[in-house]
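Working notes, beginning with the structure itself.
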Amino acid sequence: MAGGSGGKNFVNRPSASDTGGLPRGAMSRPVVTRFAPSPTGMLHIGGVRTALFCWLYARKHGGRFILRIEDTDLDRSTDDNIRIIEEGMAWCGLDWDEGPVPGDPTRWIGEHGPYRQMQRMESHYKPAVERLLHEGKAYRCRCGREELDERRKAVEARGVPFQYNRGLDAGNGCRNRQHDASEPFAVRLKMPEGTEPWLDEGAIAWTDLIKGRLAFPAASMDDWIIARTGEGCEIGVPTYNFCVVVDDTGMEVSHVLRGDDHVSNTPKQIALYQAMGFERPEFGHVPMILGKDGAKLSKRHGATSITEYQAMGFLPAAVRLALARLSWTPKVDGQAAETAEEELLTDAQMIELFDLKDIQKSPARFDMDKLSWMNQKLIQRASWRELEPHLRHFMPQKWNENGDDWKRIAITATQKGKSLKEMEESLAFCWKRPAEADFDEKAVEKFMTEAVKPALQEVTTLTDYDHDALQAAFNGILERHGLKLKDLAQALRVALCGKPVSPPIFDTMYLLGREEVLARLARWLGE
RNA sequence: GGCCCCAUCGUCUAGCGGUUAGGACGCUGCCCUCUCACGGCGGUAGCAGGGGUUCGAGUCCCCUUGGGGCUACCA
């Protein structure tokens with residue numbers, strides 16, 4: 001289980017100097033990626049996938065991976081939600097080199113903090129807004145919300161899309177009104193007209209690391225708000241698109257890897273990079289994860305929160321693998337996997353093989369069956385010691401009362417399960433004696449025959465529950481009573497577990513222990 | 001509606017002008033077997049449609065259709 005799940009690994013990594021193999025001769029600055037979720041709810045599986053790509057890319061290039069909390073949506077952001085993000089990331093083994101210290105709003109790791117946007121207001125955003133205002137690249141806007149709504153309606157009533165200060169709304173905006181700060185105001189960025197030399201044939205364009213060249217006509221974008229209307233005559237809380245640019249620059253992010261849904265934000269941000277005179281990073285837009293029906297993955301598709309996957313008994317490594325393999329095909333010497341075995345990559349292999357050019361442009365549907373399969377395979381190949389810490393969370397208190405030998409046998413006996421939850425279920429008989437109502441009637445009738453009872457009686461005389469000893473003893477019993485293992489084993493299962501299904505019978509007996517076996521057998525033998 | 005993106009088995013995908021269109025998951029047949037599983041060996045199923053370009057198109061171009069994203073003083 002590489003990658004771990006402890007999530008306590010927040011120490012700074014030695015900032016690797018080797019960024020060799022930089023793709024496409026991009027640039028010479030060190031690789032820095034970041035995951036910037038907003039704490040407005042649970043940690044979405046799609047977000048985790050994006051984070052995973054960022055993490056893989058940073059690890060692959062010996063760079064840094066940053067976690068930044070985008071909490072400028074005052075209405076929806078909460079400390080609890082920040083906690084959920086931190087815990088979810090940690091559980092997934094996505095350790096960050098810079099970012100918040102879990103559970104402690106006042107501390108962080110890294111030299112570019114703070115890493116919660118609301119804590120960067122005075123220090124980072126306001127000065128940037130003021131500078132833009134001062135340089136005439138942004139302006140104060142006093143168009144009220146109600147007024148704007150009306151203008152929007154009026155324009156849309158004519159079947160034309162509303163664009164602030166453009167099209168049918170031209171001349172209505174504050175762009176040339178030189179408002180001062182004597183009244184409340186929002187701040188808008190002046191977007192290019194279309195003739196600026198830095199544009200590409202009148203369009204804001206870039207070469208996306210995943211999608212290739214993308215271009216948006218400047219005329220299709222209006223002056224957007226970079227800072228909301230503030231209290232009194234102050235500058236208000238800046239908007240997402242503004243903060244991202246200031247932060248990515250301040251944190252030296254070299255590669256902005258994010259969800260597809262941000263493609264249309266990119267030209268706005270590029271215009272801001274231009275206005276601020278910042279060097280723009282590389283952009284890579286990762287396709288979305290869709291639900292089974294092809295619609296955006298949402299609650300109604302089942303689990304979307306990473307916490308739910310944890311609760312269902314998936315290993316973090318399995319979640320990482322399954323998520324990574326959506327839209328990404330690892331290639332070894334240019335070859336994709338040709339066998340099931342090759343599909344099961346370790347974290348080290350993923351890091352080694354990760355390459356943006358092998359990422360699909362189209363969205364992928366989330367396949368629970370494949371996750372399940374990977375989970376099962378990873379459970380199978382893990383040692384019982386690796387599994388125990390994960391399994392423990394699914395077990396009753398009594399689990400911890402058992403010794404290593406017992407745990408080892410319990411785990412290996414159920415290690416073909418698809419999930420930790422399933423393993424727990426198949427061990428449930430250990431702590432729960434079947435009640436009268438629990439016995440599977442059909443099974444009782446079928447296996448608990450008169451012919452098998454003398455053999456069962458003899459089983460009660462056995463004292464050595466070691467696997468080999470049981471094996472030998474059983475051979476004798478079967479021979480004496482003219483039975484097959486199948487007959488005795490099934491009868492025992494029914495007697496011990498109430499149903500004809502359990503781990504291998506000798507293991508089942510060992511796990512229960514002689515005393516418990518006798519107690520459960522008593523009901524079926526002469527009282 | 002406008003802008004942008006996407007399109008190979010049910011799903012994830014390989015393919016980069018000439019292939020019996022390959023693999024994995026799922027489903028399924030057989031074998032193995034003390035139950036359930038695991039495992040082993042097979043099978044099933046695909047280039048959305050229509051035009052071009054070309055000796056030749058899943059691969060290149062255009063259109064149609066379908067899907068997705070954005071279109072906020074949300075992120």
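Proteins get letters first, then strands, A, B, ... in listed order; numbering begins at 1 in each.
Between A/Lys331 and B/G15 there is a side-chain N or O to OP1 or OP2 distance below 4.0 Å. In this model, the phosphate group of B/A75 is approached by a side-chain N or O of A/Thr72 to a distance below 4.0 Å at OP1 or OP2. Distances shorter than 4.0 Å separate none of the side-chain N or O atoms of A/Arg365 from OP1 or OP2 on B/G26. Within the 4.0 Å cut-off from OP1 or OP2 of B/C5, not a single side-chain nitrogen or oxygen of A/Lys361 is found.
The aromatic ring of A/His262 sits over the base of B/A75, with ring centres less than 5.5 Å apart and planes tilted by under 30°.
Not counting sequence neighbours, A/Arg228 has no partner by the salt bridge (charged side-chain N to carboxylate O under 4.0 Å, His left out) test. In this structure, the side chain to side chain contact (heavy atoms under 4.5 Å, CB included) partners of A/Val286, at least two apart in sequence or on a different chain, are A/Arg49, A/Phe53, A/Ile210.
Across every strand in view, B/A37 sits unpaired, with no contact that passes the Watson-Crick or G-U test at under 3.5 angstrom.
A/Glu156 comes within contact range of no nucleotide atom at all, as no heavy-atom separation falls under 4.0 Å.
In the interface, the side chain of A/Arg493 is paired with the base of B/C34 through a donor and an acceptor atom under 3.5 Å apart.
Aromatic ring centres of A/Trp206 and A/Tyr273: separated by at least 6.0 Å. Aromatic rings of A/Phe242 and A/His124 (six-membered ring for Trp) have centroids beyond the 6.0 Å cut-off, not under it.
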